[in-house]
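What you see below is based on every heavy atom in this structure, not just the backbone, and it leaves out hydrogens, waters and symmetry mates. Just so it is clear, the structure is predicted and the values come from calculations on it, not from any experiment.
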Amino acid sequence: MSTMRKLRRFTVWTALKWVFAIAIALVAVFPIWWMLNVVFAQAGEPVSLNPRLWPTSFSAGIDKISTIFAQTGYLRAYGVSILYALLTIAGVLLVGSLAAFEFSLFEFPGRKILFGVVLLALMVPTAVTIIPTYVLVSRLGWLNTMEGLVVPGLASAFGLFMLVQFMRAIPKDMIEAARLDGAGHFQIYWHVVLPLCRNALVTLAILTFIQTWGNYMWPLIVGTKEELYTVGQVVGLFNSPLSHHTVDTVMTANLLAAVPPLIFFLIFQRQIVQGIAMSGSKG
Amino acid sequence: MAFLDISAVSKSFGSVSILRDVDLSIEQGEFVVFVGPSGCGKSTLLRMISGLEEISAGTISIEGEVMNEVEPADRGAAMVFQSYALYPHMTTFQNVSFGLRMAHKARDFIAARVNEAATILQLEKLLERKPGQLSGGQKQRVAIGRAIVREPRVFLFDEPLSNLDAELRVQMRAELTELHKRLGTTMIYVTHDQIEAMTLADKMVVMAGGLIQQAGPPLTLYDDPDNQFVAGFVGSPKMNFLPAQLASADAGSVRLTSLGQSAEISLPIGGVGGGARAVTLGVRPEHLTIGADGELDGRVTLVEELGAESFVHLTVSDGTAVIVRARRDAARTGSTVRLRIDPSRALLFERDGLRVRGSAGRQ
C-alpha cells in the first residue's frame, strides 16, 4: 500500500516536472517555430486573419532564401562573421592561455597587481570602453578592417580569469616533473598545460563564439563599409524602420542569421551546458 | 672527493630559515635516506639537489662539478614525486618517454629505452594505458620508469610510497631495493617513516630543525645515536627515556640515582666528567625485562599482544611512561611488575639531549 502511494506521488511529481519543462521549452522554441512558419509559407499567409501554425509551402521558403542570397551581400556577411568568430576564438585562446600560464603557475614581480588590473577590467562594462577603443582603433588606421574588428576583442579578461582558475588546479609537481624531464618553458605550456586545459579551452571557444556571433555593437561601430558587414549588421538593415521589406523577407533574413548558432548549439550542446556551469552564470 | 658533496648549504624563505649549514657527502651507488619529522627540511634539501629549489648559501656538487647554477634537467638527476606527477593526458609510453622526446632522441632509441624500463618494472602490458586507468602501485612504477629511462646519475625520491597502502608499500620497498641493486645508481630518498628509512638505507640521515642530527648506517644510528632526538626517532616502539640524577662517576662506570624516584643503577660508561647533575637514561623496549627482580617498579597500563611478542605499556613510580618489548602473555593490565634494565645497552643523555659518551667510550 505504502509503496503504491510512494509510486503515485513520485509519478505526479515527475509529471509536474515534465509539464514545467515542456512549458519552458515551448516558450523557447515558439519564436523559432514561428520564424520557420512565416518563411516556409506563401507571403502573408501566417499573419492573415486566419493564421496557420505550421509551414505550408516549402518552395516559397526556398524562393525567399534564394532571393535574399541573390539580392543582398548575405553570403559575404556569413564569411565575415565566420572569419571574425574564428580569428577571435583563435586569438582569445592563444593570448588567454599564454597569459594564464604565467599568472597561474609562475611567480614574477607585479603578478598580483597585474592580475588585479585584469579583475578590474572584468568589472568595467563594455559601454564604458567602447569609445576609447574606437579612438584607438581609428588612430591605428584599422577602421573598416578585419584587424579593427578582431584585435580589441582578443584581450578577454573573462577568458583569462577562467583559464587562470583552471590552471591553478594543475599540480605544481607536474610542472616540476616536466622541468626535470628537460622541457623548456614553452614546451611545458605546449605539451603539459595546454592539453590539461582542453575542457576549459573548448568552453572558452564556445563562449567566445556565442559572444562574437551575437556581437552587434562593435562591428556596427568599426565596420561602416558594406564589405565588412557581419550577419548581425545585415539583419539589422532588414529590420531598420525605413526598410521596405515585408515581414516574411525580414523573417527569412533573421532565420538565416539564426541557423549557424542553432547548428552550433545542436553539435556542442553538452559542452555548452558544462561550459556555462564551469564558468558560473556568465556566458 | 665524494660523488655528491653538500657543503655548508643553507636555505631560507625570507626570514624563515629552513636549513642551516648542512654538510653531507654521498658516495657513488649509495642508497641514502633523509628521514625526519615534517618541516625538518628533508624535502627542501632533496629539491635543492634536484635544482627545483634555489640554494641560499653553500654549494652542492656532483662529481666535483658545482651544481648551484646548473638547470634542473642538466644535473643528471631524476625525481620521483609523492604525487607521482604523471601527465594525465599521456599514455604510460608517452609519460615514460617524455624526457627523451624533449631531448629529441631518435624514435628507435626511445622505444628501446622505454621497453627496457618497462621490462624492469613489469609495465609491458600497461604501455598504452593512461594514468587514470592505473592503480597506485602501477602509477608509482610508471613514475620510476620515467626516471629510469633518463639514465640519471642520481635518483631522487620524495616520499614516493606514502600514497600506497601498507601491503603495497612493503612490496614496493623490496622492489626499490632490488632496483637499486640492479642499477647500482646513487639514490636519495626522503621519508618521514623511520621503518622505511631503516629498511632501505645504506646511509640514513636523520634531520630535525633544519640540521642533520646524525648520518650513518641505520643500525649504527639505532645502536649508537649521537643525541636523544636520534635515539627517540629511530626505532619503533620508541626508546624509553627516564629522568635520573648522575650521582658519581669513576674510570669504569657512572652511578645514577633517583631513577623512577628512588632506584639506582650503575652503567659501564667510563670517564664521564662534569660532576653530579640531572641526566636522562635511554633504554630500548627490548633492553627492559619484566621479572621477579629489577631496578624499577611499574604498573601495567596496557598490553598490546602482537602474536609473537607483546608491547607492555607501564607507568613507573615517578609517572614516566615506559614500553617493554616482551614475550607473549608477559604481563596483565593493572598488575604491578619489576623491570630490569640491561646496563650494557642503556644510553645516557644530558638534559639538553646530547649523548654522554664518556672519554673512555662506550664499553
Among residues 126-162 of chain B, residues within the sub-4.5 Å heavy-atom range of chain A, in order of number, are B:R146, B:R150
Heavy-atom closest pair (B:S50 atom, A:L180 atom, distance to 0.1 Å) is O-CD2, 3.7 Å
For A:P195 and B:H89, the nearest pair of non-hydrogen atoms, with its separation, is CB-CD2, 3.2 Å
Of the listed A:A177, A:P171, A:G182, the one with the largest count of heavy-atom pairs under 4.5 Å with chain B is A:A177
Taking [atom1] in [X] as the centre, count heavy atoms belonging to other residues, nucleotides or ligands within less than 6.0 Å. Is the count above 12?
| X | atom1 | value |
| --- | --- | --- |
| A:F186 | CZ | yes |
| B:E124 | CD | yes |
| A:L16 | CG | yes |

Rounding to 0.5 Å, atoms CG (A:D181) and CE (B:M79) come to a distance of 12.0 Å
Interatomic distance, CG@A:D173 vs OH@B:Y84, rounded to 0.5 Å, equals 12.0 Å
Whatever's closer than 4.5 Å to a heavy atom in chain A on B:L86 counts as backbone
- prompt: Hey, are the side chains of B:R47 and A:E176 touching, using non-hydrogen atoms and a 4.5 Å cut-off?
  reply: yes
Exercise. Would you check if A:H191 and B:F98 make a side-chain contact, meaning some heavy-atom pair closer than 4.5 Å?
Key: yes
